[in-house]
Amino acid sequence: MMHIGACIASLLGQGGSRRYGLTWKWIRFFKNDRDRRDLVTCGSAAGIAAAFRAPVGGVLFALEEMASWWTSGLLWRAFFTTAVVAIILRALIDVCLSGKCGLFGKGGLIMFDVYSANISYHMADVPPVLLLGVVGGILGSLYNFLLDKVLRVYAIINNVSYKIFIACTISIFTSCLLFGLPWLASCQPCPLDSTEDCPTIGRSGNYKKFQCPPGHYNDLASLIFNTNDDAIRNLFSKNTDAEFQHSTMLIFFVTCFILSIISYGVVAPAGLFVPVIVTGASYGRFVGMLFSSHTNLNHGLFAVLGAASFLGGSMRMTVSLCVIILELTNNLLLLPMIMIVLLVSKTVADAFNGNIYDLIMKAKGFPYLEVHVEPYMRQLTVADVVTGPLQVCHGNEKVGNIVHILKTTNHQGFPVIDEPPHSESPVLYGLILRAHLITLLKKRVFLRTPVRIGSDAFRHFSADEFAKKGLGNVDKIEDIKLTEEEMEMFLDLHPFTNASPYTVLETMSLAKASTLFREVGLRHLLVIPKRTTGSPVVGILTRHDFMPEHVLGLHPLLVNSKWKPLRIALPRFLKIF
C-alpha cells in the first residue's frame with residue numbers, strides 16, 4: 001500500500017499518463033523536483049494510513065523514514081492527505097458493514113482492538129519487558145542480515161523464467177509446510193468460557209478444528225489457516241492465556257521468521273510490515289508464556305510488545321512505530337512500555353547493522369544519503385573526492401561542442417563559465433541542466449555569432465517546455481538531427497542558466513558539504529577554488545560523490561580509520577560497568 005501510494009503520487013508528479021489519457025492541465029504545476037518529492041512523500045503517508053488505518057502514524061512514518069527534507073508545508077500536506085484517507089476509509093467501511101464487501105468492513109478503524117480499561121503493571125514487570133526489547137533487537141538485526149543476503153542472491157537472477165520458477169517453488173513449499181505443520185500440534189479442549197463458537201467455522205476465528213474430535217481445536221491451525229490480520233488479532237487477544245501451547249508459539253515464530261525472509265524479493269507483491277508484526281507477536285507471546293508466573297501482563301499484551309520490539313529491531317523507527325501500534329491496538333495505557341521496548345530494541349540492533357530499508361536500497365545500488373555522516377568524512381575536504389575530467393560550457397557555446405558533451409557524458413548538469421572577451425577574467429556564471437540543453441537544441445534557436453541576446457530568447461519558449469519530464473518522456477540527444485551548418489552556430493546559454501547555484505570552497509569539510517547537500521535537497525553542488533587564479537570551478541559534486549563506497553574507493557587507507565571511534569568508545573563504555 002505504501003508503494004502503491006508513492007507510485008500514484010509519482011504519476012501525478014509526472015503530469016499523468018498520456019498513453020492512457022490520464023492527463024489534466026492542473027497537474028502541470030507539479031512537474032518539478034520539489035513538488036514531485038513532496039507528492040511521493042504524501043503518497044507513502046496515505047498508503048500507511050490506508051493499510052493500518054493510522055492517519056497520524058502515516059504522517060510520522062513519512063517524517064521519520066521517507067522524507068530527507070521536511071518543511072512545515074510538507075507537514076500539513078501530509079496531514080491533509082491522511083485525513084482525507086481516514087474520512088474516505090471510514091465512509092467505505094460504513095457502506096461495507098452490511099457484509100457485501102467481504103472482510104473489508106470488519107473491525108472499524110481499530111484493526112486489532114486490545115483496549116483494556118485498567119492495565120496494571122509494576123516495577124517487577126519491567127525486567128521481562130527490557131529482556132523482550134534486547135532479544136527483539138538481536139532478532140531484528142539477524143532478520144535484516146539474512147534478508148539482505150537472500151535479496152542479493154535474488155538480484156543475481158535476471159532471467160524472468162527463473163524468477164517465476166523460484167516464486168512457484170516457494171509458493172508450493174509454503175503451502176506444503178503450512179498444511180503439514182498443524183499435524184505436529186495436539187488437539188486442545190475448547191474453553192468453557194469462550195465468547196465465540198468453538199471450533200469456529202469459516203475463514204476467521206480463534207479455534208480451528210483441523211482433524212480434531214468434536215469439542216476440540218488445533219491451536220497451530222488457528223494461526224496458520226487464517227489471514228495475517230486474523231492471526232495477529234488472535235495473538236493480541238486478551239483473556240486467552242490458556243489458548244496456545246509453548247511448542248505452538250515456537251513453531252509458528254520460526255515458520256514466520258523463515259518464510260517472510262525467503263518470500264520477500266520474489267516476483268510477487270510481498271510486504272514487510274505485516275509479516276514482521278506476525279513474527280514479533282508470536283515471539284512476544286512465547287516470551288509472555290515463559291514469564292507468565294513472574295508478571296502481571298497477559299500474553300496478548302506481551303504479543304503487542306513483542307511486535308513492537310521486532311519492528312524496532314528490524315525497521316529502526318521509534319516515534320512513527322509507537323503511534324502506529326497505538327492506533328492499531330487502541331491501547332494508550334501501554335504507551336510507556338511500547339516506548340521502552342522500541343528504544344531498547346532499536347539501540348541494540350543499531351550495534352549490528354542498519355535498518356531494513358537502508359539495506360535494501362544499498363543492495364539495489366540506490367545512492368541514499370544517511371542522516372549522519374561517516375566520521376572519516378570530517379578528515380576530508382570536498383576537493384579530495386572531486387573526480388574528473390570536468391565538462392564545462394561557455395556562456396556562448398558552439399552547438400557542435402554542446403552535442404559532443406551531451407553524447408560523450410551522462411552528466412545531468414554542467415557549469416557555465418564566461419571568459420574574455422565576455423568578461424575580464426574567467427568567472428563562474430552558473431549551472432545549466434542537461435534537459436534544458438536538449439530543449440534548446442530541439443528549438444534550434446541558434447546564432448551565427450557568439451553574442452548575448454538577453455531576455456528576448458524567452459519569446460521562443462513556453463514554461464512547459466522546461467518543466468520536469470516524466471520517466472518515459474525524457475528527450476535524448478540521439479533523437480536530434482543537426483546539419484553541419486547548424487553545428488557551427490552558437491547558443492547563448494546565459495538566459496537559461498541558473499545564475500545562483502549552491503557553491504562551496506574546495507577547502508570545505510566533506511562532512512559539512514554532505515549535510516548541506518542532504519538538508520537542502522540538492523542534485524548538484526559546485527566546488528570553487530579558494531584562489532581566483534586559473535579555472536573558476538574545481539568540480540561538481542553529485543549524490544554519488546558522497547557515498548561511502550566512492551569515498552573509500554578514492555582513499556582506501558580510511559577503511560581502518562572508520563572503526564577508530566568504535567575502538568576508542570567501546571573500552572570506555574565497558575569501563576562504566
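Sequential numbering from 1 along the given sequence is applied to the chain's residues.
- Remark: Arg77 pairs with Asp38 by the side chain to side chain donor-acceptor pair (under 3.5 Å) rule, at least two apart or across chains.
- Ser320 pairs by the side chain to side chain donor-acceptor pair (under 3.5 Å) definition with Glu64, not counting sequence neighbours.
- Across all non-hydrogen atoms, the minimal contact from Met489 to Leu447 is CB-O, 3.3 Å.
- When the side chain to side chain contact (heavy atoms under 4.5 Å, CB included) test is applied to Thr169, the partners found at least two apart in sequence or on another chain are Phe165.
- Thr381 pairs by the side chain to side chain donor-acceptor pair (under 3.5 Å) definition with Asp384, not counting sequence neighbours.
- The list of salt bridge (Lys or Arg N to Asp or Glu O under 4.0 Å) pairs with a residue in residues 142-162, not counting sequence neighbours, reads Asp148-Arg152.
- Every residue two or more places apart in sequence or in another chain that forms a ring pair (Phe, Tyr, Trp, His ring centres under 6.0 Å) with Phe517 is listed here: Phe546.
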Give the C-alpha distance, both sets of side-chain angles, the deciding distance and a yes or no for side chain to side chain contact (heavy atoms under 4.5 Å, CB included) between Thr318 and Leu343.
CA-CA 7 Å; Thr318 52; Leu343 289 173; 4.2 Å; yes
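- For Tyr368 and Tyr357, the distance between ring centers is not under 6.0 angstrom.
- In terms of heavy atoms, Pro529 sits closest to Val538 at N-CG2, 3.6 Å.
- Surrounding CD of Glu549 are more than 12 heavy atoms belonging to other residues, nucleotides or ligands, all under 6.0 Å away.
- Checking Ile528, Leu526, Leu516 one by one against Val504, the side-chain contact (heavy atoms from CB on, under 4.5 Å) holds for a single residue, Leu516.
- With hydrogens and angles ignored, the 3.5 Å screen pairs no side-chain donor or acceptor of Asn401 with any backbone N or O of Cys393.
- The side-chain heavy atoms of Ile402 and Leu493, taken from C-beta on, include a pair separated by under 4.5 Å.
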Phe496 vs Leu491, side chain to side chain contact (heavy atoms under 4.5 Å, CB included): CA-CA, chis, key distance, verdict:
CA-CA 10 Å; Phe496 312 99; Leu491 264 175; 6.0 Å; no
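- Shown here are the side chain to side chain contact (heavy atoms under 4.5 Å, CB included) partners of Ser141, two or more places apart in sequence or in another chain: Arg316, Ala349, Phe352, Asn353.
- Heavy atoms from other residues, nucleotides or ligands lying under 6.0 Å from OH of Tyr502 number 12 at most.
- Residues passing the side chain to side chain donor-acceptor pair (under 3.5 Å) test with Glu485 are Arg448, sequence neighbours excluded.
- Across all non-hydrogen atoms, the minimal contact from Arg434 to Thr409 is NH1-O, 3.1 Å.
- For residues 397-423, every residue pair satisfying the salt bridge (Lys or Arg N to Asp or Glu O under 4.0 Å) rule, not counting sequence neighbours, is listed here: Lys398-Glu488.
- The ring pair (Phe, Tyr, Trp, His ring centres under 6.0 Å) search around His494 returns Tyr429, not counting sequence neighbours.
- Annotation: side chain of Phe61 is in contact with side chain of Phe273 (closest heavy-atom distance under 4.5 Å).
- With sequence neighbours excluded, the residues forming a ring pair (Phe, Tyr, Trp, His ring centres under 6.0 Å) with Tyr143 are Phe257, Phe310, listed by chain and number.
- Scanning all heavy atoms of the two residues, the minimum distance from Thr82 to Ala45 falls at CG2-O, 3.6 Å.
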Exercise answer: donor-acceptor pairs, residues 506-515 side-chain atoms, under 3.5 Å, sequence neighbours excluded:
| unit_1 | atom_1 | unit_2 | atom_2 | d |
| --- | --- | --- | --- | --- |
| Glu506 | OE2 | Lys530 | N | 3.2 |
| Ser509 | OG | Ala511 | N | 3.2 |
| Thr515 | OG1 | Ala511 | O | 3.1 |

